[in-house]
Every structure is written in structure tokens, then in C-alpha cells.
Visitor: 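Structure in C-alpha cells, see below.
In what follows, chains are A, B, ... by sequence order, proteins preceding strands, each numbered from 1.
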Amino acid sequence: AQSVTQPDIHITVSEGASLELRCNYSYGATPYLFWYVQSPGQGLQLLLKYFSGDTLVQGIKGFEAEFKRSQSSFNLRKPSVHWSDAAEYFCAVGARGDYKLSFGAGTTVTVRA
Amino acid sequence: DAGVTQSPTHLIKTRGQQVTLRCSPKSGHDTVSWYQQALGQGPQFIFQYYEEEERQRGNFPDRFSGHQFPNYSSELNVNALLLGDSALYLCACGASGGADTQYFGPGTRLTVL
């Protein structure tokens with residue numbers, strides 16, 4: 001069964017500083033990997049996705065993620081955070097031929113001035 | 001903007017009642033998945049509908065049922081509501097595939113008293 005672990009429940013970062021959110025997955029085959037962001041009271045917005053190919057994936061809002069098969073990780077990064085990046089971030093895993101996404105518990109990001 | 005709409009936005013019910021939630025995908029999307037997101041947790045897959053049939057189901061009891069209409073819109077029905085059913089219910093829509101890319105609606109916040 002596929003599963004996702006986000007080790008950090010809450011991260012606080014200063015505006016302008018870099019951000020890295022960790023994601024580890026468990027899946028037997030080649031996974032499809034996603035990062036979503038959720039602002040308070042809102043649905044989920046897709047930041048980026050990895051299916052195959054280049055292991056460094058660029059997304060919206062200046063985010064990128066790197067797929068490392070040897071570490072079963074798909075960490076999300078942003079070089080310089082903005083106050084508007086404060087939100088909850090979810091890593092998710094899916095698979096070709098499967099129809100569900102399995103989500104981690106999320107990481108809450110707080111941005112301080 | 002994912003173009004996915006859900007109604008109602010908020011709903012308050014009492015234990016034992018029944019509820020129906022609605023989701024309309026944007027043009028070009030023909031699969032609808034439903035997820036339950038309890039407070040402080042990641043979304044959990046309930047089921048997916050495609051071609052008006054339930055294609056895959058997560059670990060949810062039969063009290064949770066659904067329907068997809070010819071125009072691809074979908075309903076989620078929950079019978080005999082329990083306090084634990086209080087959550088944000090999200091629908092995610094995609095184009096006749098697996099978990100390739102799903103776009104989420106804003107959700108319906110259900111409170112069971």
C-alpha cells in the first residue's frame with residue numbers, strides 16, 4: 001500500500017529566507033508524486049507534479065521539488081518565501097492505473113516578518 | 001482556478017440525518033473523486049466515479065455512497081451521520097485517467113452536531 005510521511009508538522013520561516021519541506025513515500029512501483037497547497041478554508045491547489053523524466057520539477061509560485069528514488073523522497077523547496085506562502089502543504093502519491101491519491105498529514109508553514 | 005465547483009459551502013446536520021453534497025467538474029474533466037479531510041489531517045480517498053460508475057473505493061463504510069450524472073457532475077451521500085463525519089469534503093476532478101492530475105474544488109464543510 002502506498003503511504004506518505006511528512007516529518008515536519010509545523011515550520012516557521014522568515015520572509016525572504018529559503019524553505020524546504022520534506023516528504024517521504026512508500027510505494028512499490030514508480031510513483032506519481034504531487035505537492036498541493038491549502039490556504040485556510042480553501043481547497044487544494046496543485047503546486048507541481050512528478051511522473052517521470054527529469055527529477056527536478058518546477059512548479060508554480062517559484063516552488064520546485066526533487067525526486068530522489070534512492071531516498072524515497074520528494075522534497076519541496078523555495079529559495080525565498082513571501083508572506084503569502086503561509087499555508088498548509090500536502091505531499092501526495094499516486095500511481096499509474098490507480099485512481100486514488102494518498103496524502104501525508106501536511107506541514108503548516110508560518111512566515112514571520 | 002481549477003474550475004471545480006462544490007455546493008453547499010457549509011452545512012450543519014445532526015446525528016442520524018442524511019446529507020447530499022454536490023460537485024461539478026470543469027469542461028473536459030470526466031472523473032470525480034471524493035475525499036474527506038478531518039481537521040488537522042490530510043485528505044482521505046472515499047471513492048472515484050467514471051462513466052457513471054464507482055471505479056474505486058477507499059476504506060469508508062457503505063453509509064457513504066455516490067452518484068455521477070451524464071454531465072459528469074457528482075453527488076456524495078452520507079447516511080446515518082455520526083459526529084466523526086464532521087470534516088471538509090473535497091471533490092477532485094480529472095480527465096479519464098488514473099491519479100495523473102486531479103484538480104480540487106473548494107470543499108464543503110460539514111458539521112455534525
Visitor: To the nearest 0.5 Å, how far apart are CZ in B:F45 and CZ in A:F103?
Guide: 11.0 Å
Visitor: Side chain, backbone, both or neither: which part of A:Q38 has an atom under 4.5 Å from a heavy atom of chain B?
Guide: side chain
Visitor: Locate the shortest heavy-atom distance separating B:P43 from A:L44; write the atom from each residue and the value.
Guide: CG-CD1, 3.8 Å
Visitor: Counting neighbours of CG on B:L39 that are heavy atoms of other residues, nucleotides or ligands and sit closer than 6.0 Å, is the number greater than 12?
Guide: no
Visitor: Please indicate whether B:L113 has more than 12 foreign heavy atoms, meaning atoms of other residues, nucleotides or ligands, lying under 6.0 Å from its CG.
Guide: yes
Visitor: Could you check whether atom CD of A:Q58 has more than 12 heavy atoms from other residues, nucleotides or ligands sitting under 6.0 Å from it?
Guide: yes
Visitor: Under 6.0 Å from the CZ atom of B:R15, do we count more than 12 heavy atoms belonging to anything else shown?
Guide: no
Visitor: According to a hydrophobic-cluster definition based on side-chain heavy atoms being under 4.5 Å apart (Ile, Leu, Val, Met, Phe, Trp, Tyr only), do B:F47 and B:Y50 belong together?
Guide: no
Visitor: Assess whether atom CZ of A:F67 is packed by more than 12 heavy atoms of other residues, nucleotides or ligands within 6.0 Å.
Guide: yes
Visitor: Under a 4.5 Å heavy-atom cut-off, does chain A meet the side chain of B:I46, its backbone, both or neither?
Guide: neither
Visitor: Taking CG in B:N71 as the centre, count heavy atoms belonging to other residues, nucleotides or ligands within less than 6.0 Å. Is the count above 12?
Guide: yes
Visitor: Looking at CD of B:Q48 and CG of A:L101, how far apart are the two atoms once the value is rounded to the nearest 0.5 Å?
Guide: 9.5 Å
Visitor: How long is the span from the CD atom in B:Q102 to the OH atom in A:Y36, to the nearest 0.5 Å?
Guide: 6.0 Å
Visitor: Apply the test side-chain contact (heavy atoms from CB on, under 4.5 Å) to residues A:K100 and B:Q56: give CA-CA distance (whole Å), side-chain angles for both, the deciding distance (0.1 Å), then the verdict.
Guide: CA-CA 8 Å; A:K100 71 176 185 182; B:Q56 186 174 357; 4.1 Å; yes
Visitor: Measuring from atom CZ of B:F104 to atom CG of A:L46, what distance do you get when rounded to the nearest 0.5 angstrom?
Guide: 9.0 Å
Visitor: Could you walk me through whether B:Q37 and A:F90 satisfy the side-chain contact (heavy atoms from CB on, under 4.5 Å) test, starting with their C-alpha distance in whole Å, then the side-chain angles of each, then the deciding distance to 0.1 Å, before giving a yes or no?
Guide: CA-CA 12 Å; B:Q37 185 180 18; A:F90 292 95; 3.3 Å; yes
